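Since this is a predicted model, take the numbers as computed values, not measurements. Computed from heavy atoms alone, side chains included, the values below leave out hydrogens, waters and symmetry copies. Residue numbers start from 1 in every chain, and the chains themselves are labelled A, B, ... in the order their sequence lines are given, proteins ahead of strands.
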Amino acid sequence: MKYYVLYVENTKSFFTYKSEEEYKPGEWCIVDFSGRKRSAVILRETEEDKIDFDIKKIKEIDSRADILSIPEDIIKLMDWMAVYYISDYYNVIKTVFPGILKLNYSQKAVFYKELENAEKYNSETIKDFNDYMKKKKVVTSATLIKKFGKDLVSYAQSKDAVKIEKHLVTKENKIKEIETDGIINETDIELNEEQKNTVEAIENGNNDYYLIKGITGSGKTEVYIRLIKNALKSGGGSIFLVPEISLTPQMMDRLKREFSNNVALLHSRLTTKERKEEWNAIKSGNKKVVIGARSAVFAPVQNLKYIILDEEHETTYKQESNPRYHTKNVAIKRANLLENVKVILGSATPSFDTYYQAKEGVIELLELKNRYNDAKKPVYDLVNLQNVNGNFSHELLEKISEKLLKNEQIILILNRKAFSTFIKCRDCGTVETCPNCSISLNYYRKENKLKCHYCGYEKYFKPVCGNCGSKNLIHLGTGTEKIELELGEIFKDARILRIDSENTKTQEQFEKMYNDFKNHKYDILLGTQIIAKGFHFPNVTLVSIINADIILNFPDFRAGEKTYQLLTQASGRSGREKKEGEVLIQTYDPDNDAIKKTISDNYEGYYENEMEIRKILKYPPYGRIINIVISSETETGLKEKAEKFYNMIKEKNSFIPKPFKAPIYRINNRYRYQIFIKSDRISINNIKHRIRSSLVNYREKDVRISVDVDPVNLL
DNA sequence: AGCACGCCGACT
DNA sequence: GTCGGCGTGCTC
């Protein structure tokens, strides 16, 4: 008798079952769970003496379930994630298999029907059928039905749909399959010398990890595509990860054209059914190229060769809910668990963590230094906002007029949506705050609403102070909506398009706006940082950052790095082809190192300066961080409850600062205390261990503890 | 997800 | 006393 640790659907922990049969990790079975049938995945085998509860309670596994098994490397990856990110397995599984794991009721019905059928058809008939399928490479369903009968064919199809799909094709599909077998687009774009060298360095290299540091417009995408194509020719699969899938329509079009039916697009808008179909197509090897956001890193690609992270510095690669994993770490871990998988990170402005690893030799650094099509570097200009009345400097207004006259296009970036970020009463000083969060409400003019960016609370705006009844209110904290209004008043004939996450909820909306601007239906594109990334608008010759300080003043040790990245990415939108581009940065802090180094295009210099500071302060990559938030709807006693947890995890050998009120003390009706742990790489593992066991033992009513390992967002 | 268990107030 | 409300914890 063998013992197995299983994950049973819809449970929060593991269960042990036994069986005479041999099971491998990732295989499915049906078990009796508190009196009803459930599907379960085998996680690992276990020994009798390791079981620390009444062994007599252990039930036997009912039967094997013929669902496509989960690859063993993904099981191992999930084990690692739960431990590294201090997460429960339930949430890990939910993240890796969103909706795939659960057998819904209709599927269960199919399964039990299968059991019935299995009795109806004796094993010899099924064996004949299987032999026939193996022998024939391509069969139409009509032939099969003629030979074996309709019932058996549909039974076989339902039972082992994917395995059979390979052989069983209808006439139309047969034609389609021949057409799309392999790569549809055989015409390769000519690569320049640098690109060719990069492709070769990766293909022939002995390293597992590569960083392509390529300036904007140097053609990183062409390098990725060539790698994926070449891998595909020898049957190798790839995972291509992008920060936000809906925001890169032109990239999607491009890849769809290149790889046609070989490509699976995984994104959050897929229904459970679609997701399952894609998953099965990938798992069975019908689709070898997967494109998607973070969670696509878990795709069960057959014969995986490459995991590519485009724009690797993007913070959306970090999941901000449990398990709080970073896609880059997971990709590297996954490559570790498999043979011959290479991870390729690409960015014009790599995160300093990644660049540090490249400098240390963990990741091989490859550089693309030339702009594709010989486009020129943009010219920078800096304006000190201290000498400016309002949001627009003379320099900016002059440049906008100039470009409008020349019929060229302009991009203006302000990293703040809404009209104003708070409204203050001039008489009593009251600022209207969110009833659920300790944060001011943002004003949206078009909708005449006040909204909270943290909990989603909203209400209609009344131009009267809630405290003293005064009508003397002032809007503070300028957002894109206000800029749009002011700009419209100054440039009455200019056609202005505003894009932010508030007015582009769907991909269709976004694509329409994108195309409209590209086709010059608008002169000025105004928006938050979502418009700073990866677009190609040939007619744009001026990009301006209206206020570079918004990110810079964030209480985050990476604020400078993020500012450098945003400014550089935004600059890349200016002067993409023959025309020379200009970039104008407005700031209250013109002497800031991040801004100065952006202007002199000195990534290396800024990196070196930042590293000195981080080394002294023991911030990543020199130290490691864990952020713990202890929250409750009840404020009374929360400080003590936070300290109780603190006392459980602290230890005399390592210094952990006491819990403190979080910078945003209340979010979504929950009061929050924070424990911020900064530690060296070795003792961090001991601390993690103590956090893990403390989480199990800590019992306080109404208190939630969330642990963020390697946080990206420190608030 | 279900279901038992048990702690409280309302009710014959 | 006991009926039932639902919060909590358990299911191998």
Side-chain angles (χ1 to χ4, degrees), chain A residues 1-65 67 69-70 75 78-79 82-83 86-112 271-273 275-276 321-323 630-638 641 644-645 648 668-671 692-706:
Chain A
M1 191 63 82
K2 285 187 155 77
Y3 293 89
Y4 296 99
V5 177
L6 310 189
Y7 172 77
V8 182
E9 63 160 313
N10 282 327
T11 58
K12 296 241 165 185
S13 60
F14 309 121
F15 294 93
T16 310
Y17 282 79
K18 59 185 177 181
S19 177
E20 296 283 1
E21 300 243 334
E22 177 84 37
Y23 284 94
K24 283 207 256 347
E27 284 189 300
W28 289 86
C29 59
I30 300 290
V31 296
D32 185 273
F33 185 76
S34 67
R36 68 201 73 218
K37 302 292 175 209
R38 293 228 193 151
S39 58
V41 199
I42 311 283
L43 295 177
R44 58 185 165 271
E45 207 186 317
T46 187
E47 265 94 65
E48 207 176 317
D49 53 348
K50 280 190 190 156
I51 296 161
D52 55 0
F53 59 91
D54 189 1
I55 203 151
K56 286 192 287 292
K57 279 188 181 168
I58 295 179
K59 294 186 197 167
E60 214 161 314
I61 294 170
D62 272 25
S63 60
R64 198 178 290 273
I67 306 167
S69 64
I70 299 167
I75 297 279
M78 293 197 295
D79 292 345
V83 174
I86 316 183
S87 173
D88 58 298
Y89 216 82
Y90 174 71
N91 275 305
V92 171
I93 283 208
K94 261 191 5 197
T95 302
V96 176
F97 305 100
I100 295 166
L101 206 67
K102 232 168 108 175
L103 283 180
N104 57 35
Y105 289 105
S106 63
Q107 279 174 301
K108 270 187 199 165
V110 169
F111 179 77
Y112 293 120
T271 63
T272 306
K273 191 168 168 257
R275 200 179 292 280
K276 261 182 212 176
S321 60
N322 194 0
I630 298 121
S631 70
S632 171
E633 286 192 22
T634 327
E635 187 180 13
T636 334
L638 181 58
K641 286 170 186 168
K644 185 181 162 189
F645 189 73
M648 289 167 85
N668 228 335
N669 259 323
R670 302 187 72 85
Y671 294 89
R692 220 172 284 125
S693 54
S694 303
L695 281 174
V696 178
N697 298 324
Y698 184 88
R699 298 265 117 217
E700 277 298 340
K701 245 178 80 184
D702 306 322
V703 174
R704 270 210 297 259
I705 298 182
S706 100

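Separating the OH atom of A/Y90 from the P atom of C/dC10 is a distance of 18 Å, rounded to the nearest angstrom. Rounded to whole Å, the distance from CE on A/M1 to P on C/dC12 is 16 Å. Computed from coordinates, the A/K37 NZ to B/dG2 C1' distance equals 16 Å when rounded to whole Å. A/F15 places its CZ atom 7 Å from the P atom of C/dC12, with the value rounded to the nearest Å. Spacing between atom CD of A/E633 and atom P of C/dG7 amounts to 13 Å, rounded to whole angstrom units. Spacing between atom CG of A/D54 and atom P of C/dT11 amounts to 11 Å, rounded to whole angstrom units. Atom P of nucleotide C/dC12 and atom CZ of A/R36 are separated by 12 Å, given to the nearest angstrom. Rounded to an integer number of Å, the gap from NZ of A/K59 to C1' of C/dT11 is 8 Å.
The residue A/F33 sits close to a base: some heavy atom pair falls under 4.0 Å.
In this structure, A/Y17 has its ring center no closer than 6.0 Å to that of A/Y4. Checked against the 6.0 Å centroid threshold, A/F33 and A/F15 count as a close aromatic pair.
In this structure, the nucleotide among B/dA1, B/dG2, C/dC12 sitting nearest to the side chain of A/R38 is B/dA1.
Using a 4.0 Å cut-off, no side-chain N or O of A/K18 falls inside it from OP1 or OP2 of C/dC12.
Atom NZ of A/K59 is surrounded by more than 12 heavy atoms from other residues, nucleotides or ligands within 6.0 Å.
The cationic atom of A/R44 (NZ for Lys, CZ for Arg) lies less than 6.0 Å from the six-membered ring centre of A/F14 and within 45° of the ring axis.
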